[in-house]
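Whatever order the structure lists ligands and atoms in, that order sets their numbers, starting from 1. Along the sequence shown, residues are numbered consecutively beginning with 1.
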Amino acid sequence: MSTSVTEVMRGLPRDVYIRHERHGDTVHYSLPEAVARELTALQVRPGDRVLEVGTGSGWTGALLAGLAGPDGRVISVDISEELAGRAERIHRDRGVENVSCHVGDGLAGFSEAGLLDRVVVWCTPPRVPDALVGQVVDGGRMVVCLPIAELPFLTVVATITLAGGQPAVQAITSGGYVQSRTTPSDEVVVPHRWVDAMTDGPRPSWVSIAWRDRDTSDGIGARTVLDRLLHPGHTVTYGRGDVDWNSWNAFSATLNDPALSTADLRGRMRAIGHSTPDSAAMLQVDGTIVADAEGSPSLTILRTWLELWERAGRPAADRLTPALVRNDDPGCAGWDLRVSW
Ligand SMILES: C[S@@+](CC[C@H](N)C(=O)[O-])C[C@H]1O[C@@H](n2cnc3c(N)ncnc32)[C@H](O)[C@@H]1O
């Protein structure tokens, strides 16, 4: 952590914004370790113009305001009118003048802010949006959490610099933020993008399959996979020591396999593995493997994937090779982040 980031964080406990006597509490905040890491990577300089996407509690906007100093300017955008208004009121109460909060979809950029030196995104867009890239000056810097496959939670945090209008990834590290949305929501348990089947109830289970394009229109394949994982015919301990989840999470994306799938079982057991319409096998975060049957074809493939991971030495995300790939999806044109080993 740089000295200035340490100093601003030491001088401003997050409770000042998360729990507020008059403006109430909020569940929309980022973890201090992640905030420290992202702000260090962002390298905000005095006088910078900074856009933050995802105002949340307002805490990170106030930290950015401290880093940019009185000559700098922080523009903070949240999809939630309630959150943007709440944060704005706390900033005004505290006499913080160099940050302003606005309502909108931050992935569309914020044209009134003009050209920006720094952009930080505290939620996970589907990709690096062109609208944000186009607003950053040459030599500017973005820190943004990005998917590395079209599966929830398979994300890393990327530091991106701009040269000649082109984004280039400087570094990636393990990390995850709630998915960006186009409407406000307090839902933080079930991702809203790329969930292909889920159960009801207070502790919902869900599954995400990279082969969703080949599933039936009513998602029978995804529902069958989820049912197989919730009622596995075969459960076995992986048996090669504690699972380094961050490493498996990132490495699995390097397989770039359409059968890659992820799930959260009963709201507490993350799982990543292989599935097809006929079989399913996943390694869970607690080190057990669940599969439809002992002889499951998915289990055989999962074991070959795990062997590749072990042979690679369970690399941390920052050892993978990142690449930005064009995606002109009209919903969010920009750059997909993909990783290889
Ligand atoms: C984890 S919170 C950010 C917390 C903030 N960094 C803090 O520590 O107080 C993520 C925020 O992103 C906002 N958000 C989600 N999608 C968005 C979008 N498309 N544009 C702007 N904000 C968005 C959510 O409303 C939520 O407030």
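When each atom of ligand 1 is checked for a heavy atom of Leu83 under 4.0 Å away, the hits are 25 (O), 27 (O). For ligand 1 and Trp122, the ligand atoms under 4.0 Å from any heavy atom of the residue are 1 (C), 3 (C), 6 (N), 10 (C). Within ligand 1, the atoms closer than 4.0 Å to a non-hydrogen atom of Gly58 are 9 (O), numbered from 1 in the order shown. Counting atoms of ligand 1 from 1 in the listed order, those under 4.0 Å from a heavy atom of Val53 are 20 (N), 21 (C). With ligand atoms numbered from 1 in the order given, ligand 1 contributes 21 (C), 22 (N) to contacts under 4.0 Å with heavy atoms of Val77. If you number the atoms of ligand 1 from 1 as listed, the ones under 4.0 Å from a heavy atom of Asp105 come out as 18 (C), 19 (N), 20 (N). Residue contact check: Gly104 has heavy atoms under 4.0 Å from atoms 20 (N), 21 (C) of ligand 1.
With respect to atom 8 (O) of ligand 1, the closest heavy atom belonging to the protein is Ser30 N, 2.9 Å. The protein atom (non-hydrogen) at minimum distance from atom 16 (N) of ligand 1 is Arg181 N, 2.9 Å. Counting protein heavy atoms only, atom 20 (N) of ligand 1 is closest to Gly106 N, 2.9 Å.
At least one heavy atom of Tyr29 lies less than 4.0 angstrom from ligand 1.
Annotation: cation-pi pair Arg314/Trp248 absent, no NZ/CZ under 6.0 Å from the ring centroid and within 45° of its normal.
Ile209 and Trp194 fall into different hydrophobic clusters, defined by Ile, Leu, Val, Met, Phe, Trp and Tyr side-chain heavy atoms under 4.5 Å apart, directly or through other members. The cluster map of Ile, Leu, Val, Met, Phe, Trp and Tyr, joined by side-chain heavy atoms under 4.5 Å apart, puts Val44 and Leu162 in different clusters.
Side-chain contact check for Asp218 and Thr216: at least one donor-acceptor pair (N or O, by modelled atom type) lies under 3.5 Å. There is no side-chain donor-acceptor pair under 3.5 Å between Arg228 and Ser279.
At least one side-chain heavy atom of Leu226 sits under 4.5 Å from a side-chain heavy atom of Ser205. The side-chain heavy atoms of Arg14 and Pro32, taken from C-beta on, include a pair separated by under 4.5 Å.
Contact annotation: for Thr55 versus ligand 1, heavy atoms closer than 4.0 Å belong to the backbone alone.
Nearest-residue assignment for atom 26 (C) of ligand 1 (options Ile79, Val178, Asp78; heavy-atom criterion): Asp78. Evaluated by nearest non-hydrogen atom to atom 9 (O) of ligand 1, the leading choice among Ala84, Gly54, Ser57, Gly56 is Ser57.
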Practice problem: Show your working on ring pair (Phe, Tyr, Trp, His ring centres under 6.0 Å) between Trp245 and Tyr238 and close with a plain yes or no. | Solution: CA-CA 13 Å; Trp245 192 254; Tyr238 176 47; over 10 Å; no

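The pair Glu82-Arg86 does not count as a salt bridge, with every side-chain nitrogen at least 4.0 angstrom from each carboxylate oxygen.
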